[in-house]
Amino acid sequence: MAINDSTIQDIKNRIDIVEVIGDFVTLKKVGGNYRALSPFTNEKTPSFYVSPSKEIFKCFSTGKGGDAIAFVMEVEGINYIEALKYLAQKYSIEIQEEELTDEQIEAQNERDSLFIVLNFASEYFQKLLHENSEGKSIGLSYFKERGFTESTIKKFDLGYSLDAWDGLLKAATSKGHTETMLEKAGLILKSDKDNKKYDRFRGRVIFPIHNVAGKVIAFGARTLRKDKKQPKYINSPETEVYHKSNILYGIHQARQAIRNEDQCYLVEGYTDVISLHQSGVENVVASSGTSLTKEQIQLISRYTQNITVLYDGDSAGIKASFRGIDMILEHDLDVKAVVFPEGEDPDSYSRSMSSEAFQNYLVDNAQDFITFKTNVLTDGGQKVDPVKKVQVIRDVIESISLIPDGIKRSVYIRSCADQLEIEEQVLISELNKILIQKQRKDKQNKERQERYEEEPLPQSPLAPKKEELKFTSYHVERECLRLLINYGNEPFDTDMSVAEFILQETEAISFDDKMIEETFNKASDIVRSGKKLEADQFIGPKNPSMSQLVIDLLEMKYFVSDGWHEKHRIGIVHESADLPHASYKMVLRLKKKKLEKLISQTDESLKKSASLEEEEELLKMYWHLKTLLMEVDSELGTVIPR
């Protein structure tokens with residue numbers, strides 16, 4: 001699919017980068033920028049910044065950065081066109097698409113093709129549910145019996161797969177989708193006996209699994225047969241676009257509600273999520289039958305720091321789920337638990353009462369993890385023998401020790417002391433033992449890590465290596481470009497801008513770093529055309545190296561807060577207060593570097609001169625360059641030996 005330039009520009013004009021990124025992470029305003037925990041890594045201190053004025057983001061933990069389109073591409077793992085489509089949908093901008101031919105489908109790269117074929121399958125299953133006689137009598141009837149309304153069925157794109165060997169296979173290939181891509185998407189299987197291919201999901205109701213952006217990436221399917229040889233649920237295998245440890249069922253439908261409520265309910269199954277939505281609880285997701293993973297916790301943490309885990313009344317599997325609670329604590333999120341009456345689960349219990357009553361039940365029965373864990377380990381808080389109580393205390397302290405925040409640990413220690421009737425100091429002593437052991441392990445790991453050199457933040461791919469820097473003007477070239485990018489539109493004097501001055505003074509200079517030179521050339525073209533310099537003119541998928549370079553040079557992370565002077569009585573003069581002086585000095589430093597390099601090269605040539613005439617010419621050149629260098633140094637206020 002091709003999107004014309006005017007549509008792309010329309011999308012870019014409508015984008016609010018804070019709004020777009022705010023759908024994925026919780027941003028906090030700091031000065032003129034916004035700050036958050038990085039969505040790309042597990043960190044405790046925010047290193048992710050968004051600049052609304054420059055319309056870019058920068059993650060200082062990973063070095064990633066770019067505009068809103070680049071962010072969507074990175075966080076969703078999609079390409080440029082898919083990111084544009086996502087943003088067009090968000091801002092209700094219509095994109096005209098041409099129907100893909102067989103050749104075009106095969107020409108798509110694998111990731112795009114997977115999204116296309118998965119979307120086709122989802123629409124195919126939905127159509128069968130609503131229009132096919134088998135789908136309506138079996139699939140739709142089942143969903144209606146579960147109490148799912150028509151709007152809920154459509155909200156979750158529920159569907160049905162015919163009880164046939166090749167229903168989807170035939171429908172998909174007739175539309176130009178290849179068997180190879182259907183197999184890679186996990187939609188069909190190949191028989192070991194006769195090498196024939198057949199549908200994976202046959203005679204089952206279908207639960208599409210969406211990524212955060214709402215794209216179908218996999219399917220869950222439930223059989224309605226009583227045949228015990230058949231597994232009740234089957235799921236898509238892992239593919240290029242689906243990694244079950246990274247996704248949560250219902251996250252696309254729940255993310256805004258999670259943010260609004262500042263709370264996420266975590267359940268086990270698809271129908272739990274859907275039933276809770278019908279009960280007015282939309283901030284709910286499911287781990288889809290897998291053990292909770294750190295990636296899933298990080299996904300939730302984009303929207304809230306509060307998780308409440310909902311447990312079935314059957315206590316058999318609750319103890320096994322303690323690891324999930326511990327992982328949530330380890331990621332510094334607050335966690336509570338709600339246990340339903342025996343024999344009930346979130347799905348059944350939500351359907352047994354009114355929406356208001358169910359929502360009240362969730363609030364009234366939420367327990368902090370200490371109360372929850374203690375009740376489970378002591379069979380409901382009944383009197384236990386001393387040996388068992390000691391083990392319960394150790395288990396609870398182990399969980400508390402995982403919390404990174406010292407203040408939170410202190411609060412939970414006090415709560416534990418009250419609930420388990422034990423002296424607080426004893427618990428603190430036990431906690432300290434555990435923490436000391438962890439510190440020793442961390443120290444050992446740190447010592448191992450220190451054997452390796454710390455990896456620097458990404459810079460221009462063509463930047464010179466450390467040992468080469470003393471022979472180049474790379475740093476000064478980079479600083480000149482930084483001034484150009486950040487302040488180019490500001491006035492240098494009454495006749496020209498900072499950009500015009502820098503570009504005029506460096507026009508005849510050959511840059512050592514080719515990417516810096518290419519960026520200077522692009523800036524020169526923009527200024528000559530009469531346009532203002534904007535960051536997004538250098539950022540985009542066509543030249544990722546230039547994008548990364550410019551993003552690294554944009555000033556975002558460090559600034560003085562508005563109240564700094566009033567609070568500390570410390571005055572700080574920023575270079576922006578005297579841009580003509582800063583620009584002039586930087587251009588002089590660049591010229592100084594270039595002159596030093598030319599003098600060094602001339603000196604080397606003198607040593608190798610083959611004739612008296614050549615030597616005389618080189619000497620003239622040498623002293624001319626020396627004179628120029630002395631003038632530059634005089635302007636800079638430095639002195640060099642003659």
Side-chain angles (χ1 to χ4, degrees), residues 54 56 58 63-67 70 456-490 492 496-556 575 579-580 582-602 604-605 621 624-625 628-629 632 635-636:
K54 296 181 173 72
I56 59 116
K58 175 70 177 178
K64 294 173 181 175
D67 58 8
L457 284 174
Q459 56 186 20
S460 170
L462 298 176
K465 294 177 183 177
K466 204 172 190 178
E467 62 272 16
E468 298 171 346
L469 286 174
K470 60 183 178 180
F471 302 113
T472 73
S473 53
Y474 170 72
H475 282 312
V476 188
E477 291 177 3
R478 190 176 164 94
E479 279 298 288
C480 274
L481 183 59
R482 181 183 64 79
L483 286 172
L484 180 69
I485 295 295
N486 283 282
Y487 308 112
N489 299 322
E490 299 296 324
F492 179 80
M496 65 174 67
S497 66
V498 168
E500 287 170 328
F501 169 75
I502 293 176
L503 291 169
Q504 175 183 288
E505 292 294 317
T506 58
E507 189 174 11
I509 290 176
S510 176
F511 292 88
D512 290 347
D513 186 278
K514 296 307 175 188
M515 184 49 62
I516 290 177
E517 184 169 56
E518 188 179 335
T519 310
F520 258 95
N521 290 339
K522 181 161 186 175
S524 181
D525 291 341
I526 293 167
V527 172
R528 270 202 219 98
S529 68
K531 297 178 182 176
K532 285 190 171 183
L533 289 177
E534 303 293 346
D536 64 357
Q537 295 164 327
F538 302 89
I539 298 169
K542 292 180 180 177
N543 196 331
S545 298
M546 184 183 291
S547 298
Q548 186 64 62
L549 173 62
V550 171
I551 290 161
D552 288 345
L553 295 177
L554 286 169
E555 295 186 337
M556 292 174 58
E575 65 184 0
L579 284 172
S583 305
Y584 180 61
K585 289 290 186 182
M586 194 55 66
V587 167
L588 284 176
R589 289 190 185 101
L590 179 61
K591 289 181 177 180
K592 173 182 166 70
K593 268 288 184 183
K594 297 299 178 183
L595 285 168
E596 287 173 341
K597 186 175 182 180
L598 286 171
I599 289 169
S600 176
Q601 290 172 346
T602 306
E604 287 299 314
S605 298
M621 176 65 72
H624 175 66
L625 292 171
L628 291 175
L629 182 59
V632 169
E635 283 292 301
L636 285 170

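Atom set for the values below is all heavy atoms of this structure, side chains included, hydrogens, waters and symmetry mates excluded.
Side-chain contact between Phe520 and Leu503 is present, with heavy atoms from C-beta onward closer than 4.5 Å. Contact check for Lys64 versus Ile551: no side-chain heavy atoms found under the 4.5 Å cut-off. The closest side-chain heavy-atom distance from Leu481 to Glu477 is not below 4.5 Å. Looking at Leu549 and Arg478, their side chains come closer than 4.5 Å, going by heavy atoms from C-beta outward.
Partner of Ser473 under the side chain to side chain donor-acceptor pair (under 3.5 Å) criterion, out of Lys594, Lys592, Glu479: Lys594 alone. Considering Asn543, Ile526, Leu553 as possible partners of Phe538, the one that fulfils the side chain to side chain contact (heavy atoms under 4.5 Å, CB included) test is Ile526.
A donor-acceptor distance shorter than 3.5 angstrom exists from the side chain of Thr519 to the backbone of Met515, with no hydrogens or angles considered. At least one donor-acceptor pair closer than 3.5 Å links the side chain of Gln537 to the backbone N or O of Lys532. Judged by distance alone, with hydrogens and angles left aside, the side-chain atoms of Lys58 form no donor-acceptor pair with the main-chain N or O of Gly66 at under 3.5 Å.
Few gaps surround CD on Glu604; more than 12 heavy atoms of other groups in view lie less than 6.0 Å from it.
Look at Asp512 and Lys593 and you find no salt bridge, because none of the NZ, NE, NH1 or NH2 atoms lies under 4.0 Å from a carboxylate O. Salt-bridge formation is not detected for the pair Lys522/Asp525: no Lys NZ or Arg NE/NH1/NH2 atom is positioned less than 4.0 Å from an Asp or Glu carboxylate oxygen.
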